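Sequence lines set the chain letters: A, B, ... in the order given, protein chains first and strands last, and positions in each chain run from 1. These numbers come from a predicted model, not from an experiment.
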Number of protein chains: 2
Amino acid sequence: MTTEAADLDAPGVPGAAGTAGVDLPQLLRAATLRVTRPRVAVLGAVHAHPHADTETIIGAVRTELPAVSHQAVYDSLHALTGAGLLRRIQPAGSVARYETRIADNHHHLVCRSCGAVVDVDCAIGQAPCLTASDDHGFVIDEAEVTYWGTCPACTAAAHGA
Amino acid sequence: MTTEAADLDAPGVPGAAGTAGVDLPQLLRAATLRVTRPRVAVLGAVHAHPHADTETIIGAVRTELPAVSHQAVYDSLHALTGAGLLRRIQPAGSVARYETRIADNHHHLVCRSCGAVVDVDCAIGQAPCLTASDDHGFVIDEAEVTYWGTCPACTAAAHGA
DNA sequence: CGCCTTTTCTTGACTCCTTCAAGAAAAGGC
DNA sequence: GCCTTTTCTTGAAGGAGTCAAGAAAAGGCG
């Protein structure tokens, strides 16, 4: 299996397309996670499709590994999320989505009409958004901001109708 | 049906227990919604159980109206939400929850461990939280802030273990 | 007060996302 | 190269929420 192991490491391999310059196996090793083809493909798919839902990720992974089960994708997403390599977001009324921008305190802008998600940098540095007016005794570790609205395409469509 | 209609209007009636002083039928009429017992009961249940999930609401409603179907509760929740009498929230990983505090720009503090939800007034007035650093062309109508952490009870349980 | 139209509720089935479980396969260390 | 641990495959199940058709109730009007 030496050949296959080499494939997993080699940058620029077909399976790593769309993640130019990012050494995915190294990311996995740095997180003390075993390097498997499903995990590399899942990580690459999320890098290539930010904010994608699980179905989209499964589809992207299967362009590289047609035989991967949906369960392997779910397991990989959980493992990667638990290790901090991915972040899971889930706007109300939506299925789970994943992204690779982590640890930079950015927020999300969601279209009520089509569900599109885009990143927004924190409006006011860091501190204000992360401080609640009254913590009710909770130990707060994150402040998540979701902006709701209508995206340009849906706004145009509504005006046209 | 005069007697029953009177029951719906009468304040202090058994069915209105737990909503002291709030004229629920009047709220419904003000929103141009028909006054039905399931709707009054649902509205009362959410008043009595802030942040309750649908299952809890169904249970509360059935203490007054044992025969109400879950579908009637779902329909009522949708109608009341659409009319602006209720607000639906759904923290990631949780089922839908409903509350009666509306139109006052408050936010939520959610326990990662037990899922408890408490209200938090907007930390910094209104404007800053409602303004994204870059709107990407979206028409933004709401900024929702969710603080994540651990509630006092779960913190104590973790330290004790 | 009673009829009629519109809206809402009941019943029952169904979809979708996600998780559970058991055994086969692969990764990584010695 | 072998062994242990972890991960993947296969197949099924769980639960929140939705859909559809007909019965029932609310509200307006005469």
message = Regarding D/dT5, can its base be found pairing with the side chain of A/R34 as donor and acceptor, where the two atoms are less than 3.5 Å apart?
response = yes
For nucleotides 19-23 of chain C, print each protein N/O atom paired with a nucleotide N/O atom at under 3.5 Å, atom names and distance only.
unit_1, atom_1, unit_2, atom_2, d
C/dT19, OP2, A/H78, NE2, 3.3
C/dC20, N4, A/Q71, NE2, 2.2

query = Given the rule in the side chain to side chain contact (heavy atoms under 4.5 Å, CB included) test, do A/R97 and A/V117 qualify, once you have shown the distances and angles that lead to the verdict?
reply = CA-CA 9 Å; A/R97 294 164 177 274; A/V117 178; 4.1 Å; yes
Contact nearer the 5' end of DNA chain D, comparing B/V95 with A/S69 = A/S69
Report yes if a side-chain nitrogen or oxygen of [X] is closer than 4.0 Å to either non-bridging phosphate oxygen (OP1 or OP2) of [N]; otherwise report no.
| X | N | value |
| --- | --- | --- |
| B/T54 | D/dA16 | no |
| B/T36 | C/dC9 | yes |
| B/R39 | C/dT8 | yes |

Atom [atom1] of [X] to atom [atom2] of [N]: distance rounded to whole Å?
| X | N | atom1 | atom2 | result |
| --- | --- | --- | --- | --- |
| A/L77 | C/dC17 | CG | C1' | 13 Å |
| B/R37 | D/dA24 | CZ | P | 14 Å |
| B/L65 | D/dA25 | CG | C1' | 14 Å |
| A/L28 | D/dC8 | CG | P | 10 Å |
| A/E64 | D/dC8 | CD | C1' | 17 Å |
| B/D75 | D/dA26 | CG | P | 16 Å |

ask   = Given that both distances must come in under 3.5 Å, which nucleotide forms a Watson-Crick or G-U wobble pair with C/dA26?
value = D/dT5
For residues [X] and [Y], determine if any side-chain heavy atom of one lies less than 4.5 Å from a side-chain heavy atom of the other.
| X | Y | value |
| --- | --- | --- |
| B/L77 | B/V42 | yes |
| B/C151 | B/S113 | no |
| A/H49 | A/I57 | no |

task = Please indicate whether B/Q71 has more than 12 foreign heavy atoms, meaning atoms of other residues, nucleotides or ligands, lying under 6.0 Å from its CD.
result = yes
inquiry  = Applying side chain to side chain contact (heavy atoms under 4.5 Å, CB included) to A/T54 and A/Y98, what does each step give before you reach the verdict?
reply    = CA-CA 8 Å; A/T54 309; A/Y98 294 86; 4.1 Å; yes
ask   = DNA chain C: B/S76 or A/E55, which has the more 5' nearest nucleotide?
value = B/S76
request  = Describe the nucleic acid contact of A/A79 in one word from base, sugar-phosphate, nothing, applying a heavy-atom distance below 4.0 Å.
outcome  = nothing
key: Residues B/R37, B/E64: salt bridge by 4.0 Å N-O rule   = no
